Structure formats: C-alpha cells, structure tokens
Engineer: 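Structure incoming, see below.
Quick note on labels: first sequence line is chain A, next is B, and so on, each numbered from 1. It should be emphasised that the depicted structure is a prediction, and the values quoted were computed from it without experimental measurement.
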Number of protein chains: 2
Amino acid sequence: MTSLPLHERIRTDIESRILSGELKPGDKIPSEKELMSRYGCARMTVNKALSALNAAGLLDRRKRAGSYVARPRTVAMMLDVPDLPTELARRGQIYGFRLLDRRISDTRRWREIGKKIGCEGRVLVTHGVHFADDVPVAYEERLVSLAAVPEIESQDFANEPPGSWLLRHIPWTEAENCIGATGANAVTARALKVSIGTPCLSVERRTWRAAECITFVRQLYIAGSYELIARFGSTGRG
Amino acid sequence: MTSLPLHERIRTDIESRILSGELKPGDKIPSEKELMSRYGCARMTVNKALSALNAAGLLDRRKRAGSYVARPRTVAMMLDVPDLPTELARRGQIYGFRLLDRRISDTRRWREIGKKIGCEGRVLVTHGVHFADDVPVAYEERLVSLAAVPEIESQDFANEPPGSWLLRHIPWTEAENCIGATGANAVTARALKVSIGTPCLSVERRTWRAAECITFVRQLYIAGSYELIARFGSTGRG
DNA sequence: CAGTGGTCTAGACCACTGA
DNA sequence: CAGTGGTCTAGACCACTGA
C-alpha cells in the first residue's frame with residue numbers, strides 16, 4: 001500500500017463518489033478554493049486532480065459557473081489493437097507470416113489504391129497470410145505510402161511482416177479502425193484454406209502521422225480464430 | 001490564431017519535432033532545467049508540457065536518466081459503442097425492435113445463464129430483433145440481473161428495447177466487449193431472414209456497476225449492415 | 001461585478017537511480 | 001553522489017461569464 005500523491009488521492013476520492021452514484025450527473029463539485037481548505041493543500045494540487053477528471057470526461061468545468069459532474073456520453077471504449085505476433089506469443093502459439101505478393105503501384109495509375117489509402121503517389125502493396133502454429137488465421141492486404149515511408153521499399157519481409165516492421169520504425173499519431181464481418185471470397189478462401197463464404201472478422205485500419213497518410217491495412221480473421229476485446233472502466237489506467 | 005498557453009506551445013513544439021522525425025525514438029530530450037531557460041519559464045510550466053507528452057505515450061521519463069522519445073507502442077484505440085436507435089437516427093433510418101421472447105430464469109437452475117452473465121440469482125432473459133427501415137439488422141440475446149436492476153421486471157419493452165432502457169436508467173462503471181465474427185445458426189438466421197451460415201459481426205458485452213454485474217448482451221449484426229469504428233489520435237479530445 | 005477556473009511563477013523537498 | 005523528474009506550496013494575474 002504505497003501512499004498515493006495527494007493529487008491522485010483527491011482525484012480518486014471524487015471519482016469514486018461519481019461512480020458510486022453519490023454524485024450524480026449535473027451535481028456541482030466544490031470550487032477549487034473550497035477543496036483547498038478541505039484537503040488542506042495548495043490550489044495547484046486541487047487543480048491537477050480536477051483537470052485530470054475533466055480530461056477523463058467525468059467533469060465539466062466552466063469559469064464562473066464551477067465544476068459539474070458530466071452526463072455520460074456516447075461511450076467510447078478502449079479497444080486493444082495488439083500486434084498479431086505479440087498476441088500469439090502471449091497465447092503460447094508460434095507465429096508465422098507468408099508473403100504472397102509484393103509490388104509497387106502508383107495511385108495515378110490505379111485509382112482504387114489511392115481511394116483505399118487516402119493519398120497520392122507511389123504505394124507498396126503486399127498480400128500475405130498470418131499463421132498460428134502453421135494454421136492460417138488471417139489474410140492481410142496492406143498498402144504503404146512510399147512518400148511517407150521510403151525505407152520500406154528495401155524490406156523483403158522475410159523475417160517480419162510489414163505491420164510489425166512499421167510498428168517498430170514509424171511513429172504514427174492517428175489511426176482509424178473499421179470493424180465488420182464478411183464472407184471469404186475466392187482469393188482469401190484459398191489463402192486461408194477455408195471454403196468460400198466462411199465468416200471472417202474484417203478489420204480495416206488507416207494510419208496517419210501528422211496529417212500524412214502512412215498505411216492502410218485490411219485483415220480478415222477466420223471466425224473463431226481471433227477476437228477483439230474492448231474495455232471501459234476506471235481500472236484502465238495501466 | 002488565438003495564442004496558445006505557454007505549456008501548450010512547449011508541448012506542440014516538442015511533439016512536432018518527434019512526429020517530423022527530427023527527434024527519433026530513444027533520443028534524449030533536454031532536462032526540465034534546460035528547457036526552463038530555453039523557454040524562459042518556470043519549471044512547473046515545462047513539467048506540465050512534458051507530463052502531457054508522457055501521458056500521451058510520446059515520451060518515456062525516468063528519474064536521474066532524463067526524458068527520452070518513446071518507441072511507438074501497441075496502442076489502445078477508442079471504440080465508439082453507440083446505442084443502435086441513436087445510430088440509425090443519425091443515418092436517417094427508422095429504427096424498430098421486435099421482442100421475440102421474454103422470460104425470467106434463475107442461475108441456480110440454469111447454469112449456462114450464470115456463466116454468461118457472470119453472477120448468481122434471478123435473471124431477465126430477452127431475445128429480439130433490431131430493424132432499420134423494417135429490415136432486420138441485428139439479433140440480440142440479453143440477460144439482466146434482477147438483483148441489480150429490479151425495476152426492469154415491470155418493463156414490457158413495447159416502446160424501447162432493453163438496451164436503451166438500461167442506458168437511460170442504470171449507470172454503469174465498467175464494461176467489456178468481445179468482438180468477433182460468426183455464421184448465423186438456424187434460430188438467428190430465421191429471425192434475421194437470412195440463410196444459415198450468413199456471416200455476422202458478433203458483439204458480446206458485459207456491464208458492471210462497481211463490481212456488481214448488470215447485464216450481458218450478445219448481438220449479431222448481418223455482415224455489411226453495421227460496422228464499428230475505433231479511432232486514436234491527438235484530435236480526439238472532443 | 002464577483003467568483004470561478006486557467007495559467008504561471010519562484011521557490012522547495014524528496015525519491016529515485018545511473019554515472 | 002549528483003542530476004533528474006514528481007510533487008507541492010503560496011502566492012499572482014487574468015479571462016471568462018453567470019448572478
């Protein structure tokens with residue numbers, strides 16, 4: 001039981017009153033001045049605690065009016081998007097990747113490539129299959145902007161799939177995932193060694209670094225082989 | 001061009017050097033003392049900027065050693081989990097719900113119910129179908145703990161599906177989603193008016209309020225009818 | 001106009017930990 | 001042991017905005 005810093009104790013104190021329902025949405029929180037005297041500390045310390053609760057979406061703070069318990073919003077959950085090799089290693093399975101196809105395209109010739117990745121220029125296009133213990137689990141199509149990541153042109157992905165290479169080398173600032181379901185088509189069914197129409201979890205992700213698009217990836221996971229976990233909760237401060 | 005607070009300017013200044021690649025993973029950031037004199041400000045101001053970058057995962061800070069540009073990590077994304085009626089209204093579609101089945105079970109008799117919801121006692125069990133413009137989009141099985149939500153026993157869900165009723169009445173503090181794909185079975189295929197084996201997006205969610213389990217829901221969305229969006233980015237501070 | 005939160009200062013003490 | 005970051009203080013000025 002290591003003693004928490006004071007601003008953390010103030011934060012969790014108020015947080016637990018909100019989560020327990022003792023403080024309801026719309027209720028007023030005491031002003032910083034009042035909390036100063038209640039906790040016997042400087043205003044900066046109270047401010048740090050309330051600012052954190054504000055950033056976490058639990059409080060609405062307005063000048064002159066004060067701090068109020070926020071109404072619950074359209075809830076956003078934390079979705080863990082692990083690297084597949086890392087995830088399989090955690091499960092004790094052996095990861096493998098087979099590159100099926102690797103070429104360089106140009107969005108000026110192939111319009112649909114530009115639509116997928118969302119930018120113009122030369123693009124590295126790869127297709128491959130992820131394996132767990134030599135059994136196919138996912139088919140992957142990936143586009144990488146060579147304007148943003150010129151170094152990737154010299155990679156052969158013999159030891160490491162493109163996604164893991166990117167994760168290790170290229171910092172990114174924004175990403176968007178689109179998650180759905182689909183049936184395997186002729187190409188993906190053959191690559192995954194399943195029959196056409198087999199249900200698959202589809203994850204499409206676009207990644208940017210400071211407004212410059214880096215990569216688009218579409219992964220198809222055979223139903224049952226892989227699941228995404230999303231959590232919401234006060235315990236999520238790893 | 002409203003002038004940003006100083007700590008924000010320091011933050012974005014360093015952030016942009018990291019994102020541009022000028023500062024690479026592992027590079028050392030000047031100490032707070034040095035940044036104080038460089039920006040001509042107090043240490044608290046520099047600290048606020050660096051702490052924010054640390055919280056955002058862009059810096060690793062260690063005592064005595066200093067602050068270093070972090071290696072990009074496996075990142076957790078924000079997953080929007082909207083209420084289905086709300087989401088369809090946003091798209092301009094008419095929402096409908098048909099209750100297929102409603103009964104009360106007890107986990108002491110039906111063990112598999114207790115395993116799903118993760119608690120003991122009397123449980124309201126419903127099955128239903130969500131419609132968009134009178135077309136089925138999702139099949140739903142829901143369990144609600146009557147110990148946690150006794151009021152729900154008197155609801156008939158004629159005007160509102162159980163999920164929306166819960167969202168409006170019961171605050172929750174923790175939730176876990178499990179997202180996968182599956183093929184429709186005989187029961188769900190008939191309810192959704194699709195053929196058996198049709199790919200579906202499966203979303204299972206358990207919800208708790210301060211360690212007390214509230215509800216378990218499993219929804220099957222017909223492939224293509226619904227997608228989940230998850231985002232990550234510095235712009236996500238709505 | 002008066003109370004609130006946002007920001008900032010110029011100090012301070014401390015725990016930690018790598019040189 | 002010396003430099004670093006974590007925390008905290010006791011002030012201050014200010015912009016904002018609802019009573």
Engineer: Is the distance from OP1 or OP2 of C:dT4 to the nearest side-chain N or O of A:Lys33 less than 4.0 Å?
Structural biologist: no
Engineer: Would you say a side-chain N or O of B:Thr45 is under 4.0 Å from OP1 or OP2 of C:dT9?
Structural biologist: yes
Engineer: Side chains of A:Thr126 and A:Arg102 only: does a donor on one sit below 3.5 Å from an acceptor on the other?
Structural biologist: no
Engineer: Quiz question: going by heavy-atom distance under 3.5 Å, is there a donor-acceptor pair between the base of D:dA2 and the side chain of B:Arg64?
Structural biologist: yes
Engineer: Is there a side-chain contact between B:Leu84 and B:Phe97, using heavy atoms and a 4.5 Å cut-off?
Structural biologist: no
Engineer: Kindly say if A:Asn47 contacts the phosphate of C:dT7, meaning a side-chain N or O under 4.0 Å from OP1 or OP2.
Structural biologist: no
Engineer: Given C:dT4, is OP1 or OP2 found less than 4.0 Å from the side-chain N or O atoms of A:Arg61?
Structural biologist: no
Engineer: Please give, in whole Å, the distance from D:dG5 P to B:Ile14 CD1?
Structural biologist: 11 Å
Engineer: Between D:dC8 atom P and B:Lys48 atom NZ, what is the distance in whole Å?
Structural biologist: 15 Å
Engineer: Are there more than 12 heavy atoms of other residues, nucleotides or ligands under 6.0 Å from atom NZ of B:Lys28?
Structural biologist: yes
Engineer: For B:Glu32 and C:dG11, what is the distance between atoms CD and P respectively, to the nearest whole Å?
Structural biologist: 17 Å
Engineer: Hey, which sits more toward the 5' end of DNA chain D by its nearest nucleotide, B:Ala65 or A:Ala42?
Structural biologist: B:Ala65
Engineer: Parallel, tilted or perpendicular, judged at 30° and 60°: which one describes the rings of B:Tyr221 and B:Tyr226?
Structural biologist: parallel
Engineer: Would you mind telling me which of D:dT9, C:dC8, D:dG6 lies closest to the side-chain atoms of B:Lys63?
Structural biologist: D:dG6
Engineer: Between atom CG of B:Asn47 and atom CE of B:Met44, what is the distance when rounded to the nearest 0.5 Å?
Structural biologist: 6.0 Å
Engineer: When all nucleic acid strands are considered with a 4.0 Å heavy-atom cut-off, which category describes A:Leu50: base, sugar-phosphate, or nothing?
Structural biologist: nothing
Engineer: If you take atom types as modelled and just measure distance, does the side chain of A:Arg43 reach the base of C:dG6 with a donor-acceptor pair under 3.5 Å?
Structural biologist: yes
Engineer: Using Watson-Crick or G-U wobble geometry with both distances below 3.5 Å, tell me the partner of C:dG11, or none.
Structural biologist: D:dC8
Engineer: Counting heavy atoms not belonging to A:Ile94, are there more than 12 under 6.0 Å from its CD1?
Structural biologist: no
Engineer: If you assign each of A:Arg62 and B:Ser31 to its closest nucleotide in DNA chain D, which residue comes earlier from the 5' end?
Structural biologist: B:Ser31
Engineer: Measure from NZ on A:Lys28 to P on D:dG18 and round the result to the nearest Å.
Structural biologist: 12 Å
Engineer: Between A:Leu4 (CG) and D:dG6 (C1'), how many Å, whole number?
Structural biologist: 13 Å
Engineer: Would you kindly give the NE2-to-C1' distance between B:His7 and C:dG5, to the nearest whole Å?
Structural biologist: 12 Å
Engineer: For A:Ser67 and A:Met44, find the nucleotide of DNA chain C closest to each by heavy atoms; which residue's nucleotide sits nearer the 5' end?
Structural biologist: A:Ser67
Engineer: Roughly, in whole Å, what's the span from CE in B:Met36 to P in D:dG3?
Structural biologist: 15 Å
Engineer: Measure CG/A:Leu35 against P/C:dT4 and give the value in whole Å, please.
Structural biologist: 11 Å
Engineer: Both distances below 3.5 Å, Watson-Crick or wobble geometry, any strand: find the nucleotide opposite D:dC16.
Structural biologist: C:dG3
